[in-house]
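Count residues from 1 along the sequence. Scope of the values below: all heavy atoms of this structure, side chains included, with no hydrogens, waters or symmetry mates.
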Amino acid sequence: MLIRSVDLKSKYNYIIVGAGIVGMTILRELIEKGKENILIIDSGSFLSKSPYPDFMKLKSKKNNIKVKSRFSGVGGSSNVWGTITSIFDKKKIDDYFINKKFPLDYEKYTRYINKASKYGYPKLNEFSSSDLKSDKLKVKKFIKVKPNIRYYHFSSILESSKVCFLQNTIVKSIGENEIFLESNYKNQNLSSKADKIILCANTIENYKILSKSDLKINLKVLGKGFMNHPKGVIGVVKKNIELNNYISRDCENKSSYLGIQLKESDHSHYLKICQGFKIPALDYLMRFIDGNIRFYKNKFVGKNKTSNYIQFYFYKILKILSKILNKIFNNYYYIEAFTEMKMHVDNCISFDSNTGSTTVDYSLSNAELISLNKLVDEFENFFKLKLIFRPSTVKKLKHFVSNDASHHMGGIICGIDSKSSIVDLNLSLHNHKNIFICGGGIFPFSGVSNPTLSYIAVAIWLSEEIL
């Protein structure tokens, strides 16, 4: 039931922070198992007037982070993303599990992948596909569910008598068994206690809450290893029959496409072949502008509406230009590169308590760029073609793919050693076993595989086996 701050109980069995995809999944799972007296908190509401609110101050160095990747309100970023998903490779999952840096082995991971089908996601067998007849390249299948899975469609569960939903409320910090709140963005300070607290907000917001809390956390490790999946167009090629096999195909309530990857590589970058004609420099500019526009449900949101108007109409002009180019050059495919970041300590999140702003400092490493460049080389060699507009140097390649990143992962490292990680293999804080973190922050690998389905699988596992 929707409650006001004055109705807040002094004690709950569970407090869930964030009513996005992970928080709503955990809430549903707990309710299904007969749990009750649950409080779920969100900084937005059912129909947020400012879904990209100004209080979430964020500075991003080197790589741009899309405004739309951090949504405030019921359903979280599912309100704007497109349900494209894939799964992580067996070797990657098992390697991190064996090294005690990820809570699930591949067998258990895939079991919970299949359990996520009740939320509308594809089952494991739907991701199988025939491989390329190549010693150096392989394919990976991606599936888009139609219509998109929107988690605000599950909001009726918030009306259950077992649930209290507190909206428009910021979590300032958490204590051993207590959570401290600021309601309606005013100086109305509140608190409530719980047997278990589960942080399910966006990775950056989870980091911010932890960094402001008076908890026994290794602050030297917190925020380290932040990852994302910068992407961008790297060239165009003329259409041919061979490439037709890899473009998006519709089937009933889903569409799918095949990404092309290196076989023997520690990096999981992939290339996507898309219908249309796009110039890398023009595409980069359009992505950059679109990532900064605060526009939701046909209206501008946020304080700086003048800037939104200017950027929006400039973006519209560029889009018209892009459509004209597509009509003129209608016999081409454009190639989009999706990159994988590794967990490097140099890529980090930091919080300034004086200004209240969070800074993300991250970029692709040379090793990651060299691997991506090699993938493009092997792609050209295998299909016997040359990309038009392909960046001539690794430096230029980095520029065109260092944009449009929205899978926030890492920064809240999982492991058995409190000196090198934040949460243990049960996803609870090392020194506070009743406080759990669930979401992209605990993953030791990044989101080139479109990780939403994996987030849901981990959330169901956490609910069933731990909470």
>> Taking the basic N atoms (NZ, or NE/NH1/NH2) and the acidic carboxylate oxygens, is any pair closer than 4.0 Å for D352 and K59?
In response: no
>> With heavy-atom distances below 4.5 Å as the criterion, would you say the side chains of L453 and F127 are in contact?
In response: yes
>> Measuring only between side-chain heavy atoms, which start at C-beta, is I234 closer than 4.5 Å to P391?
In response: yes
> So do the side chains of F226 and H408 get within less than 4.5 Å of each other, counting heavy atoms only?
Replying inline: yes
> How far apart are the C-alpha atoms of D290 and K68, what are their side-chain angles, what is the distance that settles it, and do they pass the salt bridge (charged side-chain N to carboxylate O under 4.0 Å, His left out) test?
Replying inline: CA-CA 9 Å; D290 183 46; K68 298 180 183 68; 3.5 Å; yes
> Any idea which heavy atoms bring A459 and C438 closest together, and the distance?
Replying inline: CA-SG, 3.8 Å
> Could you walk me through whether Y207 and F351 pass the ring-ring contact (aromatic ring centres under 6.0 Å, His included) check?
Replying inline: CA-CA 9 Å; Y207 160 82; F351 174 70; 7.4 Å; no
> Which is it for K297 and L47 under the side chain to side chain contact (heavy atoms under 4.5 Å, CB included) test, yes or no, and what are the steps along the way?
Replying inline: CA-CA 10 Å; K297 290 193 173 179; L47 297 170; 4.1 Å; yes
>> Against the six-membered ring of Y257, is K272 placed for a cation-pi contact (under 6.0 Å from the centre, within 45° of the normal)?
In response: yes
> Looking only at atom types and distance, does a side-chain atom of S45 sit under 3.5 Å from a main-chain N or O of Q167, one as donor and one as acceptor?
Replying inline: no
>> Would you say the ring centers of F443 and Y455 fall short of 6.0 Å from each other?
In response: yes
> Side chains of I416 and S421: closer than 4.5 Å at any heavy-atom pair?
Replying inline: no
> If every non-hydrogen atom of I93 is compared with every non-hydrogen atom of D105, which pair is closest and at what distance?
Replying inline: CG2-C, 3.6 Å
> Considering residues, nucleotides and ligands other than K123, do more than 12 of their heavy atoms fall under 6.0 Å from its NZ?
Replying inline: no
> Looking just at side-chain N and O atoms, do T355 and K57 make a donor-acceptor pair shorter than 3.5 Å?
Replying inline: no
> Is there a donor in the side chain of T85 and an acceptor in the side chain of T452, or the other way round, less than 3.5 Å apart?
Replying inline: no
>> So Y119 and I460, do their side chains get closer than 4.5 Å, heavy atoms only?
In response: yes
> Any idea which heavy atoms bring G447 and H407 closest together, and the distance?
Replying inline: O-ND1, 2.8 Å
> Would you call E340-K92 a salt bridge at under 4.0 Å N-O?
Replying inline: yes
> Is the backbone N or O of M341 less than 3.5 Å from a side-chain atom of N228, with the two atoms forming a donor-acceptor pair by type?
Replying inline: no
> So do L158 and L2 actually touch side chain to side chain, heavy atoms under 4.5 Å?
Replying inline: no
>> Taking NZ in K35 as the centre, count heavy atoms belonging to other residues, nucleotides or ligands within less than 6.0 Å. Is the count above 12?
In response: no
>> Could you check whether any side-chain N or O of N426 sits under 3.5 Å from a backbone N or O of L467, counting only pairs where one atom can act as donor and the other as acceptor?
In response: no
>> Is it the case that atom NZ in K212 sees more than 12 heavy atoms from other parts of the structure closer than 6.0 Å?
In response: yes
> How far apart are the C-alpha atoms of F312 and Y315, what are their side-chain angles, what is the distance that settles it, and do they pass the ring-ring contact (aromatic ring centres under 6.0 Å, His included) test?
Replying inline: CA-CA 5 Å; F312 178 78; Y315 175 79; 7.3 Å; no
> Are K140 and F338 in a cation-pi setup, meaning NZ or CZ lies under 6.0 angstrom from the ring centre and within 45 degrees of the ring axis?
Replying inline: no
> Is the count of non-hydrogen atoms from other residues, nucleotides or ligands lying under 6.0 Å from K396 atom NZ greater than 12?
Replying inline: no
>> Taking CG in D214 as the centre, count heavy atoms belonging to other residues, nucleotides or ligands within less than 6.0 Å. Is the count above 12?
In response: no
>> A side-chain contact here means heavy atoms from C-beta on lying under 4.5 Å apart; do Y284 and D404 qualify?
In response: no
> Would S454 and Y109 satisfy side chain to side chain donor-acceptor pair (under 3.5 Å), going step by step from the backbone distance to the final call?
Replying inline: CA-CA 8 Å; S454 296; Y109 167 74; 2.7 Å; yes
>> Pair L222, L219 - check side chain to side chain contact (heavy atoms under 4.5 Å, CB included), show working.
In response: CA-CA 5 Å; L222 182 64; L219 295 177; 4.0 Å; yes
> Once you round to the nearest 0.5 Å, how far does NZ of K146 lie from OG of S255?
Replying inline: 5.0 Å
>> As a quick check of understanding, evaluate side chain to side chain contact (heavy atoms under 4.5 Å, CB included) for I179 and Y12, giving each step before the final call.
In response: CA-CA 11 Å; I179 194 157; Y12 291 89; over 6 Å; no
> Could you go step by step and tell me if E32 and K118 meet the salt bridge (charged side-chain N to carboxylate O under 4.0 Å, His left out) rule?
Replying inline: CA-CA 13 Å; E32 280 183 13; K118 66 181 177 181; 3.2 Å; yes
> Is a side-chain donor or acceptor of D361 paired with a backbone partner of K61 at a separation under 3.5 angstrom?
Replying inline: no
> Under 3.5 Å, is there a donor-acceptor pair between the side chain of S371 and the main chain of A367?
Replying inline: no
> Side chain of N434, backbone of E176: donor and acceptor closer than 3.5 Å?
Replying inline: yes
>> Testing L364, L372, N366 one by one against E368 for a side-chain contact (heavy atoms from CB on, under 4.5 Å), which residue passes?
In response: L364
> So M56 and S43, side chain to side chain contact (heavy atoms under 4.5 Å, CB included) or not? Walk me through it.
Replying inline: CA-CA 10 Å; M56 291 181 178; S43 58; 3.7 Å; yes
>> Between the side chains of E205 and R70, is the shortest nitrogen-to-carboxylate-oxygen separation below 4.0 Å, so that they form an ion pair?
In response: yes
> Rounded to the nearest 0.5 Å, how far apart are CE of M227 and CE of M343?
Replying inline: 4.0 Å
> Any donor-acceptor pair under 3.5 Å linking the side chain of N347 with the backbone of S363?
Replying inline: yes
> Near K138 NZ, under 6.0 Å, is it more than 12 heavy atoms from other residues, nucleotides or ligands?
Replying inline: yes
> Is it true that a side-chain atom of H229 and a backbone atom of S446 form a donor plus acceptor pair closer than 3.5 Å?
Replying inline: no
> Under 3.5 Å, is there a donor-acceptor pair between the side chain of D42 and the main chain of G73?
Replying inline: yes
>> Quick one: does any side-chain atom of K141 pair with a main-chain N or O of E126 as donor and acceptor, under 3.5 Å?
In response: yes
>> Looking at every non-hydrogen atom in both residues, tell me the closest pair between I143 and K254 and how far apart they are.
In response: CG2-CD, 3.7 Å
>> For a side chain to side chain donor-acceptor pair (under 3.5 Å) check, start with the C-alpha distance between S428 and D424, then their side-chain angles and the critical distance, and finish with the verdict.
In response: CA-CA 6 Å; S428 63; D424 61 23; 2.9 Å; yes
>> In the structure I gave you, are the side-chain heavy atoms of R287 and K231 within less than 4.5 Å of one another anywhere?
In response: yes
